[in-house]
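Reading through the structure tokens given below for one structure.
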Amino acid sequence: MLTKSPRGTKDVLPVDVYKWNYVEEKFREICGKFGYQEIRTPIFEHTELFKRGVGETTDIVQKEMYTFEDNGGREITLKPEGTAPVVRSFVENKMYADAQPTKLFYITPCFRYERPQAGRLRAFHQFGVEVFGAENSSVDAEVIGIAMNFFEKLGLMNLELRINSIGCPKCREEYNKTLREFLRKRLDKLCKTCNDRFERNPMRIIDCKKEECKEELKGMPFILDYICGDCRDHFDKLQQYLKLMNIPFEIDPTIVRGLDYYNKTAFEIISKEIGAQSTVCGGGRYDGLVEEIGGPSTPGVGFGLGIERLLLTLENNNIEIPKPKGIDVFIVTMGERAYKKAIELSYELRKNSISADLDHLNRSVKAQFKYANKINSSYTIVIGDNELDNNSVSLKNMETGNQKQIKLDSIVEEILERL
Ligand code: ATP
Ligand code: MG
């Protein structure tokens, strides 16, 4: 117990953390280019927010939330997704009163009680963006553009963008009738969850992951064939804009997305290799959500992108993230006087933006060189009594083996020149 992390959680170890830093930096950089600003919201929220914001009929709310009562008797839930908290913050901080649209992005841990598999954890991480206050599908295209540009910058070219329109409450009413008619004859073959959703939200049945249910859904009516003129126009324009941006896509009428309050655009970006967990990014429009949470009626659109799945996809495509270089200088010391000098010097170097290290374990000179190699030090300097008496040390380039005598007083400048 004590030495095992809880099921469905994973440490990011020092040997891998550079990958996380790299993709996070890239994501921030690209969001910046698109004019999005970062927002950070708390790890937990009132449970009610997710019940309302994600929807009572979703897998997340019905089965996956980490919910507890805090010592003050409040119902609290660890965030299972990023959108509802951002919407809450948008309303609470009256961002709707600023110049619109409000364009936000986030990097956040998420928590869902799911069956852990490759690319499916209980504690995982998401990149996300949300735009409020713009109805035009040019924003949907922009949001998709962020994700596609991000993947492209990382060298991931063979991802597939699938888009759909799931209409608005108006056209969905009509469609739900037709869908219920289709489903009614098959209810006894569908799972219990699907049966529960039949009256309240039959469209959610399409998202059921059970093979038996999927089988029963063959031949079902698609909402795309039922959307109203307004939604059709929005969807047509989205396609035009994606074409203008040279972003290839496929229309996939089976995409309904897991969350309630989504309308019009729904999209997924799929990678072919990681099996069942192939959706790296999912998003869409949620024009009813801000109002649902208690804000003024405000359109919204966004996506969530799983970081663990992204890293898996990069790995499966043999895309290597550039490894950070080791430290600049390792100071090898001989004797107590030299050690003291190294303590002084290493601090001086670090203050001057030179990464430096020294031996803390009283190792032999040979062992110190070995260690310097191991931590990938670009240079070493050796200090002993002789060097201290002569006020001069040899600076060794660990890659070429070249050495040069330099004055101890000018060591900072000498090293800076070489880096
Ligand atoms: P799935 O259908 O795979 O369960 P989802 O519809 O629940 O996905 P979203 O709620 O749209 O996923 O979350 C956005 C992204 O977050 C997903 O596309 C995926 O990359 C990632 N994600 C979702 N759940 C997990 C999880 N349990 N572990 C790791 N990543 C996840
Ligand atoms: Mg899920």
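Just so you know, ligand 1 is whichever comes first in the structure, and atom 1 is the first atom listed for that ligand.
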Taking distance alone, with no angle check, do G306 and ligand 1 share an N/O pair under 3.5 Å?
yes
Pairing of E160 and R162 as salt bridge, 4.0 angstrom limit
yes
Below 4.0 angstrom from a heavy atom of G304, which ligand 1 atoms are there? Numbered from 1 as shown, please.
14 (C), 15 (C)
Do the rings of F127 and F27 sit parallel, tilted or perpendicular, given the 30° and 60° boundaries?
parallel
T279 heavy atoms within 4.0 Å reach ligand 1 at atoms 17 (C), 18 (O), 19 (C), 20 (O)
Counting only heavy atoms closer than 4.0 Å, does ligand 1 sit against the backbone of C110, its side chain, both, or neither?
neither
Measure K209 to ligand 1 on non-hydrogen atoms and call it side chain, backbone, both or neither using the 4.0 Å cut-off.
side chain
Below a 4.0 angstrom heavy-atom separation, can you tell me which part of R309, side chain or backbone, both or neither, approaches ligand 1?
side chain
Short N or O distance, V280 and ligand 1, threshold 3.5 Å exclusive:
yes
For the pair E414 and R418, find out whether any cationic side-chain nitrogen is under 4.0 Å from an anionic carboxylate oxygen.
yes
In terms of ring plane angle, is the pair F90 and Y96 parallel, tilted or perpendicular, where the classes change at 30° and 60°?
perpendicular
So is E308 in contact with ligand 1, going by heavy-atom distances below 4.0 Å?
no
Would you say Q126 and ligand 1 have an N/O pair spaced under 3.5 Å apart?
yes
Taking atom types as modelled and ignoring hydrogens, do the side chains of E130 and Y106 form a donor-acceptor contact shorter than 3.5 angstrom?
yes
Ion pair present between K51 and E56, side-chain N to carboxylate O less than 4.0 angstrom?
no
K341 with E344: basic N within carboxylate O range, under 4.0 Å:
yes
Answer yes or no: is there an ion pair linking E45 with R88, defined by an N-O contact shorter than 4.0 Å?
yes
Between L121 and ligand 1, is there a nitrogen or oxygen pair with a distance under 3.5 Å?
yes
Numbered in order shown, the ligand 1 atoms found under 4.0 Å of a heavy atom of E114 are 24 (N), 25 (C), 26 (C), 27 (N)
If we only consider heavy atoms of E81, is any one of them less than 4.0 Å away from an atom in ligand 1?
no
